[in-house]
Each structure stands twice: as C-alpha cells, then as structure tokens.
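A short worksheet on the structure shown next.
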Amino acid sequence: MGADSFTAYAVRRLLALLAVVVLTPSLTFVVFGATADSASPWHRIAELPGYLHRTFVELDFGVTGPVTQPESISHLVLAGMPVDLALLAGGLLLGAAAGVATGTFAGAHRRGRVDRLLAVGSAAGLSVPVFWLGFVVIVFVSPESGRWQLPFVSGAGHYVAPGADPLGWLHAMWVPWVVLAVPLAAMVHRMVRATLPEVLGDDHLRTARAKGLRERTVLIKHALPVALPPVLALVSVNVALLLANVVLIEPTFDLPGAFRLADVGQFLGEQSHIPPADIVQALIVEAALIVALTMLVCDLLQAKLDPRVRA
C-alpha cells in the first residue's frame with residue numbers, strides 16, 4: 001500500500017478525525033473549565049483522563065434539569081442529534097447542488113443576462129443572515145403566523161418524526177434546508193463560475209470536442225468533474241459555519257435538535273446537579289464529531305476525483 005494510495009490517505013484522514021474529536025473537547029475542558037471553576041489548568045489536566053473516559057467510553061456528560069427530575073445530558077443530545085444531522089445534511093446537499101448547477105450555467109454563459117442576475121443573487125445570499133431569512137418566512141408566509149399564509153411552507157412547531165409522518169417531516173424541514181443552503185449555494189456558485197472557464201480550455205476537452213461530443217456532454221461529463229475538487233474543499237472548510245447556522249435555525253423553526261440545549265442550559269443552571277457548562281461541553285463533542293465526519297467525507301471524495309491531494 002503506497003503512501004499516495006487512496007487507502008493510505010483514508011487511514012490518515014481517519015486518524016486526523018479521531019484526533020480532532022478528542023482534542024477539541026479536551027482543550028475546552030481544560031481552558032474553559034479552569035476559567036469557570038477558578039481552578040488551576042494543571043488541576044484540569046490531571047482530571048482530563050477521567051473526563052475522556054466518561055465522555056468517550058461511558059458516554060456520560062452528567063445530568064441536568066430540576067433536582068427532583070434530572071435528565072441525562074447524553075440522552076438529550078442523542079435524541080436531538082438525528083434532527084441536527086438531517087438539517088445539516090439537507091442544507092449541505094441542497095446548497096452544493098444548487099451552487100454547482102447555477103455556477104455551471106454561469107461559467108458556460110459568462111457575461112450574459114442570467115450570469116449577471118446570478119452574480120447579484122450570490123452576493124445577496126452571502127450578505128443576508130440565515131436567521132433573518134427564517135424570520136422573514138415565519139412573519140410573512142408561515143401558514144400560522146404569516147401575513148400571506150402559503151400552504152406547505154415550514155413554520156415553527158411543525159416538526160414530526162420521519163417514521164411517523166414522512167410528508168409532515170418533509171413539510172417541516174424543507175424551508176430550513178433552503179435557508180441553511182443559501183450561503184453555501186452562493187459560495188459554491190462563485191467557485192464553480194470562476195473555475196469552470198479555466199477547465200474548459202484544457203487539452204482533454206478539446207479532444208472530446210474533436211471527437212464530435214456535444215458541448216453539453218463535454219461540460220457535464222468532462223469539465224465538471226475536474227472543477228468539483230475545489231468545490232468539495234470549499235464545502236469542507238465551511239462545515240463549521242453551516243453548523244453555527246444550524247444553531248440559529250433550530251430555535252427559529254422550533255426544531256427539536258440537540259443544539260436547542262445551548263439556550264436551555266442557561267435557565268436550568270441554578271436547578272441542575274451540575275453547571276450548564278457540561279451541556280455546552282456535550283454540544284462541543286457533538287459539533288466536533290459532526291464537523292470531522294463531514295470533512296472526512298468531503299476529503300475522501302476530493303481525493304477520489306483528484307489523486308494529487310493524496311500526496
């Protein structure tokens with residue numbers, strides 16, 4: 001197995017994933033824990049092995065809630081994680097697909113009217129905060145509270161489990177997906193639009209055209225795969241940004257994801273067995289795991305399309 005083989009690259013990236021998942025909560029445990037408890041950092045470092053054992057072996061983050069009815073933080077996070085994953089995955093896929101589609105069209109028809117309109121739209125998508133977009137939906141077109149009530153538009157409190165009502169789940173999720181996808185679609189659009197014209201002049205594309213292939217076939221089957229690795233790299237480095245937007249979107253549409261605990265912990269602090277910092281620490285572990293896994297998938301896809309990144 002050579003050092004530049006796909007398997008060796010995948011193993012290296014997996015080891016890096018494990019390091020990120022362990023080091024990120026360890027750092028916050030030492031630094032922020034020492035600040036919150038007024039304890040010495042060396043004291044927190046001495047407690048680190050026990051914390052890692054409880055976290056990754058026992059999956060124990062403690063309990064929260066009233067003293068008379070405490071709830072396991074691990075249970076709350078695991079219960080909300082499917083919503084977090086579904087929201088992030090839908091936003092990633094929709095944003096990447098929309099950005100690639102519009103960027104491909106704009107790159108093949110540069111300086112046209114549609115290209116200029118898409119440029120304005122991508123600038124707006126990068127400028128408008130996602131929580132403002134969600135607020136606009138809730139205020140203006142939500143079926144319950146909107147000024148102009150539209151059917152099948154997601155609103156606050158619409159979420160149902162996909163196993164209980166698949167259509168109702170789609171009803172509750174599709175607008176949050178769109179809102180989450182907007183900034184990513186704008187970034188991907190600009191990346192594809194800038195990269196594709198350079199690819200269209202490559203020698204292998206001239207050969208494909210000389211063989212009589214239609215320009216659409218040349219664009220989709222030959223040019224686009226060459227332009228996709230930078231897009232995957234762009235998606236990979238922006239996963240953390242999208243996850244931060246998930247934290248903003250979930251309360252806007254009242255989605256029962258785990259990140260809603262970031263607010264709940266502030267109000268339960270005086271009644272909990274432990275400080276709400278343990279809730280934040282559990283969310284940090286979840287965020288590190290989700291970001292690392294998503295980056296791993298993007299890196300492996302990028303390495304499959306472009307073997308040069310394996311070196």
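Residue numbers run from 1 in the order of the sequence given. As a basis for the values below, the full set of heavy atoms in this structure was taken, side chains included, without hydrogen atoms, waters or symmetry mates.
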### Message
Hydrophobic cluster membership, with links at side-chain heavy-atom distances under 4.5 Å among I/L/V/M/F/W/Y: are Val20 and Val30 in one?
### Response
no
### Spacing of CG belonging to Leu296 relative to CG belonging to Leu14, to within rounding of 0.5 Å
6.5 Å
### Query
Sub-3.5 Å donor-acceptor pair from the side chain of Arg13 to the main-chain atoms of Ala10, do we have one?
no
#### Entry: Leu48-Val21 co-clustered via ILVMFWY side chain contacts under 4.5 Å
yes
### Task
Give the minimum heavy-atom separation between Ile249 and Pro176, together with the two atoms involved.
CG2-CB, 3.9 Å
### Task
Take atom CZ of Phe56 as the centre, draw a 6.0 Å sphere, and report whether it contains more than 12 heavy atoms from other residues, nucleotides or ligands.
yes
### Query
Which class fits the ring pair His158 and His171: parallel under 30°, tilted 30 to 60°, perpendicular over 60°?
tilted
### Sub-4.5 Å side-chain heavy-atom contact between Phe253 and Val137
yes
### Summary
To the nearest 0.5 Å, atom CG of Leu76 lies from atom CD1 of Ile279 at 7.5 Å
#### Entry: Residue list, side-chain contact (heavy atoms from CB on, under 4.5 Å) with Phe131, at least two apart or on another chain
Pro129, Leu248
### Message
For the backbone of Leu232 and the side chain of Ser236, can you confirm whether one donor and one acceptor N or O come within less than 3.5 Å of each other?
### Response
no
### Message
For residues 82-103, which residue pairs pass the side-chain hydrogen bond (donor to acceptor under 3.5 Å, both in side chains) check, not counting sequence neighbours?
### Response
Thr102-His189
### Message
Show the nearest heavy-atom pair for residues Ala106 and Leu118, with the distance to one decimal.
### Response
CB-CD1, 4.2 Å
### Message
For residues 113-138, which residue pairs pass the side-chain hydrogen bond (donor to acceptor under 3.5 Å, both in side chains) check, not counting sequence neighbours?
### Response
Asp115-Arg193, Ser122-Arg190
### Task
Working to the nearest 0.5 Å, report the span between CG of Leu133 and CD1 of Ile138.
12.0 Å
### Side-chain touch Val22/Leu18, heavy atoms, less than 4.5 angstrom
no
### Query
Do you know the tightest heavy-atom contact between Thr252 and Gly134?
CG2-C, 3.8 Å
### Summary
So CG of Leu228 and OG1 of Thr104: to nearest 0.5 Å the spacing works out to 7.5 Å
### Query
CE/Met81 to CG/Leu283 distance, rounded to the nearest 0.5 angstrom?
9.5 Å
## Note on the structure
So ring pair (Phe, Tyr, Trp, His ring centres under 6.0 Å) across residues 77-122, not counting sequence neighbours, yields Phe105-His109
### Task
List the steps and the verdict of side-chain contact (heavy atoms from CB on, under 4.5 Å) for Leu94 and Trp174.
CA-CA 10 Å; Leu94 184 60; Trp174 79 268; over 6 Å; no
### Query
Taking atom CD of Gln302 and atom OH of Tyr9, what is their separation to the nearest 0.5 Å?
6.0 Å
#### Entry: Linked, directly or transitively: Val291 and Leu93 (ILVMFWY side chains, under 4.5 Å)
no
#### Entry: Residues Val83, Phe259; criterion side-chain contact (heavy atoms from CB on, under 4.5 Å); working and verdict
CA-CA 10 Å; Val83 180; Phe259 290 108; over 6 Å; no
### Query
Does a side-chain heavy-atom distance below 4.5 Å link Leu15 with Arg12?
no
### Query
Is there a side-chain contact (heavy atoms from CB on, under 4.5 Å) between Met173 and Leu255 once you walk through the steps?
CA-CA 9 Å; Met173 295 294 289; Leu255 298 174; 4.2 Å; yes
#### Entry: Minimum-distance pair of heavy atoms, taken over all atoms of Val237 and Leu234
CG2-O, 3.2 Å
### Message
My understanding is that only residues two or more places apart in sequence, or in another chain, count here; which of them pass side-chain contact (heavy atoms from CB on, under 4.5 Å) with Leu293?
### Response
Leu17, Leu289
### Task
Can you see which heavy atom on Pro229 is nearest to which on Asp306, and at what distance?
CG-CB, 3.8 Å
### Task
Would you indicate whether the side-chain heavy atoms of Asn245 and Pro183 approach each other to under 4.5 Å?
yes
### Task
Among Asp278, Leu59, Asp60, find the residue that satisfies the side chain to side chain contact (heavy atoms under 4.5 Å, CB included) test when tested with Ile73.
Asp278
### Query
What residue pairs, at least two apart or across chains, pass side-chain hydrogen bond (donor to acceptor under 3.5 Å, both in side chains) with a residue in residues 15-25?
none
### Summary
Of all heavy-atom pairs linking Val182 and Gly125, the shortest is CG1-CA, 3.6 Å
### Path from Val239 to Leu241 over hydrophobic side-chain contacts below 4.5 Å
yes
### Query
Given the rule that I, L, V, M, F, W and Y join up when any side-chain heavy atoms are under 4.5 Å apart, are Val280 and Leu23 in one cluster?
no
### Query
Going by heavy atoms in the side chains, are Leu170 and Trp177 under 4.5 Å from each other?
yes
### Message
The test is side-chain contact (heavy atoms from CB on, under 4.5 Å); show your working for Phe29 and Ile284 and say whether it passes.
### Response
CA-CA 10 Å; Phe29 175 80; Ile284 289 173; over 6 Å; no
